[in-house]
Amino acid sequence: MLLSCSEHKDSSEKKHKDKEKTKHKDGSSEKHKDKHKDKDKEKRKEEKVGVSYRGGKMKPPFFVSFCSPPRIKDEPDDDGFYASPKEDSKPLKRPREDDDADYKPKKIKTEDIKKAKKRKQEEEETDNSVLNCIEWEEERYPEGIKWKFLEHKGPVFAPPYEPLPENVKFYYDGKVMKLSTKAEEVATFFAKMLDHEYTTKEIFRKNFFKDWRKEMTSEEKSTITSLSKCDFTHMSQYFKAQTEARKQMSKEEKQKIKEENERLLKEYGYCVMDNHKERIANFKIEPPGLFRGRGNHPKMGMLKRRIMPEDIIINCSKDSKVPPPPPGHKWKEVRHDNKVTWLVSWTENIQGSIKYIMLNPSSRIKGEKDWQKYETARRLKKCVDKIRNQYREDWKSKEMKVRQRAVALYFIDKLALRAGNEKEEGETADTVGCCSLRVEHIKLHPELDGQEYVVEFDFLGKDSIRYYNKVPVEKRVFKNLQLFMENKQPEDDLFDRLNTSILNKHLQDLMEGLTAKVFRTYNASITLQQQLKELTNPDDNIPAKILSYNRANRAVAILCNHQRAPPKTFEKSMMNLQSKIDAKKEQLADARRELKSAKADAKVRRDEKSKKAVESKKKAVQRIEEQLMKLEVQATDREENKQIALSTSKLNYLDPRISVAWCKKWGIPIEKIYNKTQREKFAWAIDMAEEDYEF
DNA sequence: ATCGGAACTTAGTATTCAGCCG
DNA sequence: CGGCTGAATACTAAGTTCCGAT
């Protein structure tokens, strides 16, 4: 059933039950804080869900507006800006598909299923699966069931701590001090990071020291009272030497380690899920260490404790062989929950969240989900125009909440912002997404650099990556933003009547299965498709076409703000490449000279041998020209990629079928676009998509 | 019906690997 | 043939959305 899901699965999406949290941010501008529970709306939605999709019915009529009561008490004076009938409606800035008309709602199904079936058969033949494949296409699990059979070997635990050799010393206040094993282990975590700037940060040091002291004996505790008196340098040197020694190991030793890893992988790296042997993504338990959050994380430096079998919950099927815990230990629990996909879980001690061991992206269960994701995005394509018209209408709504929702959705759509859940203050780095934007994160410019109504965004998003962008917006949006910001402090929420739950509930009404993140997927994929159309020059050779592909990919990465730290060696490697290009140019000049003289030679001699020489010189020139071209393309590509990470969008946002189709269309080997891992992840798409695939 | 936690996707960085060049 | 480099992979944090207990 691998690839046959969509309709059914889509229709089985559950009712939405998002909570409607009230935001609290102390004191300031209280009048903006009162939330309105739109009971009416809630009710109506309920009804809709009732008749809805389950059982394959049509989704509810596109949208019902809820402008009616209750009015907001601080409803702004109608200054006419939103009621004005002559208000223009400029098209959105981002290019969009105009050919929606001839878009056919390809329902995948039969054809694809056949193909998938074929592929699966082939796969079976080469597969290392020991099991017979029963007719997998037919298996269609009842709602929520993820598998019928699941067997695995359990996790691999981090290697136990090996105490330092006697001669490696720790000094406190200038004096040698022998630490207890537990305290020593934690000290080594710090020592290993000594070169990292983390260890200079106040919060990191404070958190570390606090947690370290918890591991100390009472004696150590009373002696070691100040981190700045601790000297880890000797330990640090020891570890550096160890790393060095590891590098210097002989081939045989390295080989041995490699084999050991392979053995581990073979033994623990796979599981059996419903007649298939599947690769596990992360079968190794995270080793203990110091927590390194991203950005300005309040918990950085805290001790991530060692996970023991007693912390571990095993999930597998009842009729499987339950993995035995390590000798002398017990699992926390063994359960048989086939409504989830994880194999192993444990609770982590920094945030108290649960961590999981799950399957590799190449697995059926992940691939299917991935496919579904893109199908949802394609369904959005069909109704995105309606939705856009709707939110533009809503900018004029009498209800504050509706307006905020509409403006937020506009940002999510136009700028591919993330939804932006509220976060518990002090638990994580202070980052935001769309719904959690604060007044301080945007600046309004009625005019800027010759453009009207420019919004300047500057905030930290996921992973504390900065989002900085100046965007011209439509007048109504601009006016609305001014309104939202009235009488607020910088640290107040911009959309004080909105949260992701409200937004997603609304989206759910607009389209079954629609959530905020679908817009990111949709806009990323549609941009790729459109950019590929635009940028691919049929006359280009393969490297040039690939450059075009990368540029299209890059357009998406920029849209999604996927950044990376410029590689440390970037400048250097750029220079290397340049000198390579220079060398190649010289080589080309040489080759041309040689060709010339060979030609002259042939003219004089007129024998077969010299003719052949000319031919071979010609070929040499051509080859070098090609090589040069390739290098130059590479240089351009790399320069443009300095701070942009392509891999995230490639892996998570771009419908792989677009890329596969493009490759087929232009005769580009798929290996040029996707490496081995990516090909495994996108196997379903590689098999399914034809040249004419349309997202 | 709400709430908070569970489940799962998305993310950037650190480490390892493989192959190329001198 | 070893050291270096860029690519691939490993790792795990940080998001979003779902969902079940109360």
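Per chain, numbering begins at 1; letters A, B, ... match sequence-line order.
dA7(B) atom P lies 13 Å from atom CH2 of Trp346(A), rounded to whole Å. With rounding to whole Å, Arg279(A) atom CZ is found 16 Å from dA8(C) atom P. Rounded to whole Å, the distance from CD1 on Ile354(A) to C1' on dC18(C) is 13 Å. Between Leu651(A) atom CG and dT10(B) atom P the separation is 9 Å, expressed in whole Å. Spacing between atom CG of Leu654(A) and atom C1' of dT9(B) amounts to 15 Å, rounded to whole angstrom units. In this structure, Lys505(A) atom NZ and dA1(B) atom P are separated by 11 Å, rounded to whole Å. Between the CD atom of Glu368(A) and the C1' atom of dT9(B) there is a distance of 16 Å, rounded to whole Å. Atom CZ of Phe519(A) and atom C1' of dT17(C) are 15 Å apart (whole Å).
Residues Thr428(A) and Gln351(A) have side chains in contact (heavy-atom distance under 4.5 Å, counting atoms from C-beta outward).
Shown here are the side-chain contact (heavy atoms from CB on, under 4.5 Å) partners of Glu162(A), two or more places apart in sequence or in another chain: there are none. Contacts of Tyr549(A) classified as ring pair (Phe, Tyr, Trp, His ring centres under 6.0 Å), with partners at least two apart in sequence or in another chain: Trp662(A). Contacts of Lys423(A) classified as salt bridge (charged side-chain N to carboxylate O under 4.0 Å, His left out), with partners at least two apart in sequence or in another chain: none. Residues passing the side chain to side chain donor-acceptor pair (under 3.5 Å) test with Arg292(A), sequence neighbours excluded: none. With sequence neighbours excluded, no residue satisfies salt bridge (charged side-chain N to carboxylate O under 4.0 Å, His left out) with Lys650(A). For the ring pair (Phe, Tyr, Trp, His ring centres under 6.0 Å) test, residues two or more places apart in sequence or in another chain that qualify with Tyr674(A) are Phe682(A).
At the phosphate of dT9(B), neither OP1 nor OP2 sits under 4.0 Å from any side-chain N or O atom of Asn652(A). Within the structure, a side-chain polar atom (N or O) of Tyr653(A) is placed less than 4.0 Å from OP1 or OP2 of dA11(B). Of the side-chain N and O atoms in Lys366(A), one or more sit less than 4.0 angstrom from OP1 or OP2 of dT9(B). Distances shown here put every side-chain N or O of Thr341(A) at or beyond 4.0 Å from the OP1 or OP2 atom of dA7(B).
Take the nearest nucleotide of DNA chain B for Ser345(A) and for Asn561(A): the residue whose nucleotide is more 5' is Ser345(A). The 5' end of DNA chain B is approached more closely, in terms of each residue's nearest nucleotide, by Lys339(A) than by the other of Lys339(A) and Ala645(A).
Residue contacts for Lys146(A): at a heavy-atom cut-off of 4.0 Å it reaches the sugar-phosphate backbone alone, with no base atom in range.
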**OP:** Going 5' to 3' through nucleotides 11-16 of chain C, assign each nucleotide B (protein heavy atom under 4.0 Å from a base atom), S (under 4.0 Å only from sugar-phosphate atoms) or - (no protein heavy atom that close).
**Re:** -SSBSB
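For the pair Asp274(A) (side chain) and Lys148(A) (backbone), a donor-acceptor distance under 3.5 Å is present.
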Please list, pair by pair, any protein nitrogen or oxygen found under 3.5 Å from a nitrogen or oxygen in nucleotides 17-22 of chain B.
none

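Under the 6.0 Å cut-off for aromatic ring centres, Tyr270(A) and His152(A) do not qualify, their centroids lying 6.0 Å or more apart.
Residue pairs meeting the side chain to side chain donor-acceptor pair (under 3.5 Å) criterion with at least one partner in residues 458-467 of chain A, sequence neighbours excluded, are Arg294(A)-Asp463(A), Asp458(A)-Arg466(A), Tyr467(A)-Asn469(A).
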